[in-house]
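Side chains included, hydrogens not; waters and symmetry mates left out as well; all remaining heavy atoms used. The first residue of the sequence shown is numbered 1, and numbering continues consecutively from there. Small disclaimer: the values here were computed from a predicted structure and weren't measured.
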Amino acid sequence: MIDRVAIYLPSLDGGGAERAMVELANGLSAEGVSVDLVVVRDNGPWASLVSDDVTMIALRTRSKLLEFLKFLRYLHHAQPDTVLAGGASSIVSASLARRVFPRIPVIARISGDLSTGLDELSLKGRLVRKLQDGALMLTDVIVANSLGSSAAIRRKLPRISNRIHTLHNPVVWPNLADESRKPVAHPWFRDDRLPIVLSAGRLEPVKDHANLLRAFALVLQDRDARLVVLGEGRQRPNLVRLAHELGIAHRVDFPGFRMNPFAFMAKSQLFVLSSLHEGMPNVLIQAMACGTPVVSTDCPSGPREVLEDGKWGPLVPVGDSLSLATAIMETLERPPDPAALIQRASAFSAEASIRAYLNLMRRTQASRHTHQ
């Protein structure tokens, strides 16, 4: 029986992984589970999405040692049935805490592909990734959000392959359709003379928006259109500068982060994912759930699984601007049936994900008690 769950993560920043954990917290709470959302920093944009029925516990410290001690104190008083940890630092802390409280199972959630992204990390980031690899050996269960991510973990940590499970994120919620119908306060979406190509994600190198801009410049040589890129990040000034250098700044806009990207998705003619790598691209699924055609790079991992080898939208090589431009133009010319896209996206329903997580927690708890 799962009565109380601790979901432990570093922050409520505006990434897809953090939002997925908040959605998990809300979904488990709706199933009657008492959920404690334990975060180091609670001032991110997703804090406003946390259900009133979820207890938010903010550790509020920059010291890793003090964070660990505060987390131990929380476990001592709350005694949750399971800890679900996401984010490298939280996984490390939770795995160590498991040694102090062996009765409490720890499930580590990996939101990316562990075989990618090392060259993008700082020295500190590489150290944290190394510590996470060791911590995963100490956890009871590892959850990956795509088949590709699961395979990458198995290749890297074959000794614990039997502990790895693939559970999709809670992506498509019943209220998504209502959110998608809300108005968008952007002038381009009130002018249907030109098609709008949309992208959404952190403005960071891993999303490779630079390749998208180069591809869109090629599109504009053939036809007129507009590109809207939702999100914030360190690459904003570089991307704005690149748009000017390519001579397409008048057809590109960066409106920033939006709490409701679904309204933008539903009113766009195409959604493009240009990433170098992913774990499971929630935005790709959500765009399809809005009935919007999609184009994606064939990056590890997630897009090929979601699009079923290109059945639901083109998959193009990573970093290939010409192939991306060609796929954009062809899909704008011959868009797929919106109803078919919506049906495919329904396979990633939030309800199914929440049930799968609950079942896994129950099995993990039962196994833990059996071996004690």
Side-chain angles (χ1 to χ4, degrees), residues 1-13 15-40 42 44-59 71 74-75 77-87 90-91 93-95 97-98 101 103-111 139-146 149 163-176 179 279-280 282 285-286 346-369:
M1 183 69 177
I2 300 294
D3 295 317
R4 191 182 198 95
V5 171
I7 295 183
Y8 181 28
L9 64 160
S11 74
L12 296 174
D13 289 341
E18 291 83 0
R19 178 162 188 165
M21 291 292 266
V22 170
E23 301 283 21
L24 276 171
N26 293 344
L28 290 170
S29 177
E31 291 292 323
V33 178
S34 294
V35 179
D36 295 331
L37 185 58
V38 184
V39 295
V40 181
D42 62 346
W46 300 136
S48 64
L49 297 184
V50 178
S51 166
D52 292 338
D53 296 325
V54 172
T55 302
M56 179 96 75
I57 298 169
L59 303 181
F71 185 61
Y74 158 76
L75 292 177
H77 289 294
Q79 293 291 314
D81 297 306
T82 301
V83 171
L84 174 62
S90 295
I91 289 172
S93 185
S95 69
R98 181 178 179 273
F101 296 96
R103 185 193 66 80
I104 303 175
V106 171
I107 299 174
R109 179 182 177 276
I110 300 297
S111 59
T139 58
D140 294 88
V141 171
I142 301 165
V143 171
N145 57 6
S146 71
S149 293
R163 293 189 227 160
I164 301 166
H165 299 259
T166 303
L167 300 183
H168 292 140
N169 297 329
V171 178
V172 182
W173 290 84
N175 68 339
L176 188 147
E179 291 292 302
M280 173 58 89
N282 297 342
I285 300 167
Q286 289 159 344
S346 69
F348 301 89
S349 73
E351 297 92 337
S353 174
I354 298 302
R355 286 195 300 270
Y357 267 94
L358 260 179
N359 289 336
L360 179 62
M361 288 176 181
R362 289 171 181 144
R363 294 197 305 271
T364 304
Q365 183 190 52
S367 176
R368 192 90 180 103
H369 290 169

Below 4.5 Å, heavy atoms only, C-beta onward: do Val5 and Pro80 meet side chain to side chain? no

Return the CD1 to OH distance between Ile7 and Tyr357, rounded to the nearest 0.5 Å. 9.0 Å

Any side-chain heavy atom of Leu12 sitting closer than 4.5 Å to one from Arg19? no

How many angstroms lie between CE in Met21 and CG in Asn26, if you round to the nearest 0.5 Å? 12.5 Å

Would the distance check show the side chain of Asp81 and the main-chain N or O of Arg4 forming a donor-acceptor pair, the cut-off being under 3.5 Å? yes

Ring geometry between Phe71 and Tyr8 (parallel below 30°, tilted from 30 to 60°, perpendicular above 60°): parallel

If you count the non-hydrogen atoms of other residues, nucleotides and ligands that lie under 6.0 Å from CG in Asp3, is the total more than 12? yes

Counting C-beta onward and ignoring hydrogens, is there a side-chain heavy-atom pair between Val38 and Leu59 closer than 4.5 Å? yes

Only counting residues at least two apart or in another chain, list the ones meeting side-chain contact (heavy atoms from CB on, under 4.5 Å) with Ala352. Ser349, Arg355

Can a donor-acceptor pair be found, under 3.5 Å and without considering hydrogens, that links the side chain of Ser29 to the backbone of Ala25? no

Donor-acceptor pair, side chain of Thr364 and main chain of Leu360, under 3.5 angstrom: yes

Side chain Trp46, main chain Asp13, donor-acceptor under 3.5 Å: yes

Ser93-Ser90 side chain donor-acceptor pair, cut-off 3.5 Å: no

Taking side chain as C-beta onward, heavy atoms only, is Arg103 less than 4.5 Å from Gln365? no

So, are Asp140 and Arg163 salt-bridged, with charged N and O less than 4.0 Å apart? no

Does a side-chain heavy-atom distance below 4.5 Å link Ile107 with Thr82? yes

Hey, does the side chain of Ser146 reach the backbone of Gly279 with a donor-acceptor pair shorter than 3.5 angstrom? yes

